[in-house]
Amino acid sequence: MRIALMFACCWLAGAAAAQQVPLPTAPTWMSDETEYNGTGLDIGDVDLDGWLDLAVSNGNDITQSPNLVYLNDGTGHPLTTADWASTDERYSGHCQLADVDQDGYPELMVANYIGTAWGPAQVQVYKNNGGVLELWPSWESPNDIHTFRASFGDPDGDGDLDLAVATGESYNSYDEQNLIFFNTGGQLEATASWRSTIYDACYDTKFVDYDGDGDQDVAFLGGGGRTTIYENVGGVIATSPVWMTATNDDGNTFDFDDLDGDGRMDMLVGFNSQLGGSGRFAVFLTGGGDLPTSPTWTSDFIGYCSAVVCADMDQQNGPDLVTGGWWEPMRIYLNDGSGGFATTPEWESDAAWESVVENIALADLDEAETRLEVANFPAGAQLLELPDRHLQRIVRVSTTSGPIPGDRWCSSLRDGWVSLDAPLTEAGTVEYAVSDALDLAISNWDDATFVFHSLLTTAAVDEQTPGVVLTDVRAWPNPFNPRTTIGLRLTTDVGTARLRVFDLRGRLVEVLHDGPLPAGDHRVDWMARGVPSGVYLYRLEAGGEVQSGKVVLAK
């Protein structure tokens, strides 16, 4: 408790400088492991216990190291000592958690940057067997590339995850072809069947619908060269780029989001100055037109820019710029609502915690403000892009006829999309969990992995929205066996209040109430007989508002 109070006081002391960013300026959690040169970082529910875990890939170009997973301790804080470590030790770059075989459990993909004596390396996938990752990867690409990052998407629109690989290594001028390994039946192909015509050194890749035509194109970030985008035409990615930046620069990380609200994807890049690059954070803003080939905004800061992410950190005016550098504090630039940013950040982490930031991941690890949302899509839609990113989980994908089985779609929590194996034949919905209280996790190779837990609370939100109808929704006891009580308060009468319970796969378990409720305090019991132990989600809809929570049945 003393530690939590200390961090809260630090944040309050710097509130004027931090403005509306509800983050402490010092980390609230850090890993015990500091020696492995952490590089990659991703968040996902590895063991499907309902809590999000941290995966970290290690080594960089410094030391051969194992990869690690920090399971959530059930209170919103990962264990400080890794619960899983790979037997294989490599010079690893970035990683991603993704359900490659569509069994509900996410695999761990790791891009290995270099081999011995700066030689070639490969990409690896550690299969998840019922919540436990294998110690040695069961899938490996040919050992003939350098790759700092790879990323999953569904460019061919068949409802499973394919893997794009950014290749090359700029320090020693290894220029290589970028790759895509396609997925068939839950298995990535042994040899990449897509190769770019351009040979270069790239340090990041992402599937993104940059032209807004309803399919995923693929972008590669040049590390000393140009950033390129390859167009998707009818489910086939062209091998020559349709778009590229006007000049060469030393890109480290990029991200895409609609920063100016025009419905088109803008681009944020961290350019690094170590090898002669511009060394600035840069935004390429569409402004109602096409993606420009030169930056429309750059930061005053010049140096070793590295990790960048777009996310709405202050819960107003759209996505902000979350940025990190080498031996630098974290910096956040706030969006003015039209894609405009000051050239100096509105929030910085404390200088005492400067580190070599390699990656940034965002989610509500302690489920402080998690809520369920529903996005609707018309018949004919296939790439279902959600209004939110940095999700907690996808709860259910369905049509008016019922749920769509999990082996017919894939998704990205970080980028907020679901891709189906065929267009919707009738209207469809995606139910997903998201939070306003995004915790900020960073990996870095000179220190521990850090988490800055969000300081946003329900009370603060309620004070800003006095017209709220639904308040004080909570369950007790929790964990429970076999009965728990869900309590709520209504500030006005409602014609229909619906309280339902789902499992983590999004399947309806029980309807607890569906009808009118008067203003006042209410309690609804759930007697969980005939269902197995595990984590369940309850969803309450009343007066046009939705609140949700998590309960644990422990028999």
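Values below: every heavy atom of this structure, side chains too, minus hydrogens, waters and symmetry copies.
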Asks: With sequence neighbours excluded, what pairs up with S443 under the side-chain contact (heavy atoms from CB on, under 4.5 Å) test?
Replies: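 L41, E358, N359.
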Asks: Which residues pass the salt bridge (Lys or Arg N to Asp or Glu O under 4.0 Å) test with D493, sequence neighbours left out?
Replies: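 Scan of D493 (salt bridge (Lys or Arg N to Asp or Glu O under 4.0 Å), adjacent residues dropped) gives none.
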Asks: Restricting to salt bridge (Lys or Arg N to Asp or Glu O under 4.0 Å), what partner residues turn up for E373, sequence neighbours left out?
Replies: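 Here the qualifying residues are R371.
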Asks: Test of understanding: with ring-ring contact (aromatic ring centres under 6.0 Å, His included), list the residues that count as partners of F502, not counting sequence neighbours.
Replies: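 Listed in chain order: nothing, the list is empty.
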Asks: Sort and list the pairs that fulfil ring pair (Phe, Tyr, Trp, His ring centres under 6.0 Å) and have at least one residue in residues 477-499, not counting sequence neighbours.
Replies: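 Residue pairs passing ring pair (Phe, Tyr, Trp, His ring centres under 6.0 Å), neighbours aside: F480-W526.
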Asks: Could you pull out all residues at least two apart from T485 that satisfy side-chain contact (heavy atoms from CB on, under 4.5 Å)?
Replies: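 Partners of T485 under the side-chain contact (heavy atoms from CB on, under 4.5 Å) test: W476, R523, D525.
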Asks: How would you list all residue pairs meeting side chain to side chain donor-acceptor pair (under 3.5 Å) that involve residues 151-166, not counting sequence neighbours?
Replies: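 Output for this query lists D154-S419.
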Asks: Kindly state each residue pair satisfying side chain to side chain donor-acceptor pair (under 3.5 Å) with at least one member in residues 377-390, sequence neighbours excluded.
Replies: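 Passing the test, one end in residues 377-390: D255-R389, D257-R389, D388-Y432, R389-D415.
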Asks: By the definition side chain to side chain contact (heavy atoms under 4.5 Å, CB included), identify the one residue from R149, M267, R414 that meets it with K206.
Replies: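 Looking at R149, M267, R414, the match for K206 under the side chain to side chain contact (heavy atoms under 4.5 Å, CB included) is R414.
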Asks: Report the residues that fulfil side-chain contact (heavy atoms from CB on, under 4.5 Å) with S141, sequence neighbours left out, ordered by chain and then residue number.
Replies: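 Partners of S141 by the side-chain contact (heavy atoms from CB on, under 4.5 Å) criterion, ordered by chain and then number, come out as Q122, V123, W139, I145, F181.
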Asks: Tell me every residue that passes ring-ring contact (aromatic ring centres under 6.0 Å, His included) with Y126, counting only those two or more places apart in sequence or in another chain.
Replies: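 For Y126 the ring-ring contact (aromatic ring centres under 6.0 Å, His included) partners, ignoring immediate neighbours, are W84.
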Asks: Output all residues satisfying ring-ring contact (aromatic ring centres under 6.0 Å, His included) with H77, sequence neighbours left out; order by chain, then residue number.
Replies: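 Counting only residues at least two positions away or on another chain, H77 forms a ring-ring contact (aromatic ring centres under 6.0 Å, His included) with H453.
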Asks: Quick one: list whatever passes side-chain contact (heavy atoms from CB on, under 4.5 Å) with T239, sequence neighbours left out.
Replies: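 Only W194, T197 meet the side-chain contact (heavy atoms from CB on, under 4.5 Å) criterion with T239.
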